[in-house]
Chemist: 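Just passing along the structure, written as structure tokens.
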Amino acid sequence: MNPLEVEPDLTQKLSEIGNRLREARQAQDTSLEEISGKTMIPTRLLSAIEEGRVDSLPEAIYTRGFIRRFGDSVGLNGSNLADVYTGNLSHDQLETETKTKKRKRRIGGLRGGLRPVHLYVLYIALIMSAGVGLSYLTNPSAITSAGDSPDTAGAINAESESAQSKDESQAPKDTSAKPVADPTATNPETVRVDLTIKEASWMEIIVDGEVSYEGILSPGTNKTVVAKKQLVIKAGNAGGVMMAVNKKPAQFMGEPGAIEEVKLEPEALTSQST
């Protein structure tokens, strides 16, 4: 792996984020091993994040995902912490947003205690009941004539169902055979990858420049992806992922615990096959 090129203040950012994550984890009396079991992130990487050791972490795109999952597992907003790391959100903005959310939750709780929703529902129900009763007292026939009798409604429904059945029986039936596409066939203008997960692994799948999936896939999961221009597959535990390209024999993406990235393009695969 090439040496990581970092911004001048990236180490400082990671140090501050790591301190916040460590405090939240210790407040819950949770070990790094337990966090690793929840997030599928190796303990050595979790330790590097807490200690702010940028040189012991992979590229920023992977570290950002690790920070997000680490933060979510200890009750913090992992996405915001990841944005701080990549410079999309400052620490001041993060503090302000956290305080605002706490204040809104506190105010919402007070309002909920003063005006419970069920009191409003009961109040509206009482008003509606009083209105119906008053209408019946002043004009009893109005309520009876407002709708059809049960017998009338039943006759209308029976007639409607009979007409529908008659239309369906008279409609011509198309008995011609229709071609069915073969789901296992491969298209030379696309690239198809079948993934089989043997061990839990964090995965990111980018199809034609857009993120199609990002998360942890469990053992026994089978996933198929197809791209027209380019397919990028990244795995946090390459030794637990088997990949079959265009229906060819499946192979492991790499060694257990290794981070691997594979880029596939239809044109390149076509030229290789010829």
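If you're wondering where the values come from, they're calculated on a predicted model, not measured in any experiment.
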Chemist: Between the side chain of Thr39 and the main-chain N/O of Ile35, is any donor-acceptor distance below 3.5 Å?
Modeler: yes
Chemist: Quick check: closest heavy atoms across Asn77 and Asp72, and the distance to 0.1 Å?
Modeler: C-OD1, 4.1 Å
Chemist: For residues Met253 and Ile233, report the shortest heavy-atom separation together with the two atoms involved.
Modeler: CE-O, 3.9 Å
Chemist: Is the shortest heavy-atom distance from the side chain of Glu261 to the side chain of Val232 under 4.5 Å?
Modeler: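 SC-SC contact between Glu261 and Val232 confirmed.
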Chemist: CG of Leu57 to CD1 of Ile67: how many Å apart, nearest 0.5 Å?
Modeler: 7.5 Å
Chemist: Same hydrophobic cluster for Ile197 and Val225, using side-chain heavy-atom links shorter than 4.5 Å among ILVMFWY?
Modeler: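 Result: yes, single cluster for both.
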Chemist: Check the pair Val84 / Glu16 against side chain to side chain contact (heavy atoms under 4.5 Å, CB included), numbers first and verdict last.
Modeler: CA-CA 10 Å; Val84 171; Glu16 295 174 358; 5.9 Å; no
Chemist: With the 4.5 Å side-chain cut-off for hydrophobic clustering, are Val262 and Phe252 part of the same group?
Modeler: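 Different clusters: Val262 never reaches Phe252 through Ile, Leu, Val, Met, Phe, Trp or Tyr contacts under 4.5 Å.
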Chemist: On a heavy-atom basis, which atom in Arg69 and which in Ile41 lie closest, and how many Å separate them?
Modeler: NH2-CG1, 3.1 Å
Chemist: Can any side-chain N or O of Gln28 pair as donor or acceptor with the backbone N or O of Val74 at less than 3.5 Å?
Modeler: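 Indeed, once roles are kept as given, a pair shorter than 3.5 Å links the two residues.
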Chemist: Can you see which heavy atom on Pro58 is nearest to which on Tyr62, and at what distance?
Modeler: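 So the minimum-distance heavy-atom pair works out to CG-CB, 3.7 Å.
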Chemist: Hydrophobic clustering (ILVMFWY, side-chain heavy atoms < 4.5 Å, transitive) - are Val226 and Met203 grouped together?
Modeler: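 Result: no, two separate clusters.
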Chemist: Taking the side chain as every heavy atom from C-beta outward, state whether Ile206 and Lys234 have any atom pair closer than 4.5 Å.
Modeler: yes
Chemist: For the pair Asp208 (side chain) and Lys229 (backbone), establish whether a donor and an acceptor sit closer than 3.5 Å, ignoring hydrogens and angles.
Modeler: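 Looks like yes, one N/O pair under 3.5 Å.
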Chemist: Are the side chains of Ser201 and Leu217 in touch, meaning some heavy atoms are under 4.5 Å apart?
Modeler: no
Chemist: Given Asp83 and Arg64, is the side chain to side chain contact (heavy atoms under 4.5 Å, CB included) satisfied, shown in steps?
Modeler: CA-CA 8 Å; Asp83 286 341; Arg64 184 181 187 279; 2.6 Å; yes
Chemist: Do you know the tightest heavy-atom contact between Val241 and Leu195?
Modeler: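 For Val241 versus Leu195, the nearest heavy atoms are CG1-CD2, 4.1 Å.
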Chemist: Check Pro219 against Ala200 and note the closest heavy-atom contact, atom names and distance.
Modeler: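 It is CG-N, 3.6 Å.
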Chemist: Nearest 0.5 angstrom please: Leu21 CG to Ser73 OG, how far?
Modeler: 8.0 Å
Chemist: Measure the CZ-CG distance between Arg22 and Leu32 for me, rounded to the nearest 0.5 Å.
Modeler: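 Answer for the CZ-CG pair, Arg22 versus Leu32, is 9.0 Å.
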Chemist: Do Arg192 and Asp194 meet the salt-bridge criterion of a basic N to acidic O distance under 4.0 Å?
Modeler: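 Yes, Asp194 and Arg192 are salt-bridged.
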Chemist: According to salt bridge (charged side-chain N to carboxylate O under 4.0 Å, His left out), does anything in residues 209-224 pair up with another residue at least two apart or in another chain? List the pairs.
Modeler: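 Sorted result for residues 209-224: Arg68-Glu214.
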Chemist: If you measure from OG1 on Thr63 to CG on Leu45, what distance do you get to the nearest 0.5 Å?
Modeler: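 One finds 8.0 Å between OG1 of Thr63 and CG of Leu45.
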Chemist: I'd like to check Asn237 versus Met40 (side-chain heavy atoms, cut-off strictly below 4.5 Å). Are they in contact?
Modeler: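 Not in contact.
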Chemist: Taking atom CZ of Arg20 and atom CD1 of Ile17, what is their separation to the nearest 0.5 Å?
Modeler: 8.5 Å
Chemist: Would you say CD of Gln26 has more than 12 non-hydrogen atoms from neighbouring residues, nucleotides or ligands within 6.0 angstrom?
Modeler: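 Counting other residues, nucleotides and ligands, CD of Gln26 exceeds 12 neighbours.
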Chemist: Identify whether Leu264 and Met242 are in the same connected component of the hydrophobic contact network (ILVMFWY, side-chain heavy atoms under 4.5 Å).
Modeler: no
Chemist: Should we count CD of Glu51 as having more than 12 external heavy atoms under 6.0 Å?
Modeler: yes
Chemist: In Å and rounded to the nearest 0.5 Å, what is the CG to CZ distance from Leu76 to Phe70?
Modeler: 9.0 Å
Chemist: Are any non-hydrogen side-chain atoms of Tyr85 and Leu81 less than 4.5 angstrom apart?
Modeler: no
Chemist: Is the count of non-hydrogen atoms from other residues, nucleotides or ligands lying under 6.0 Å from Asn222 atom CG greater than 12?
Modeler: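 Yes, because the 6.0 Å sphere around CG of Asn222 holds more than 12 heavy atoms from other groups.
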Chemist: Answer yes or no: is there a side-chain heavy-atom contact under 4.5 Å between Leu231 and Ile205?
Modeler: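 When only atoms from C-beta onward are counted, Ile205 and Leu231 do touch, with a gap below 4.5 Å.
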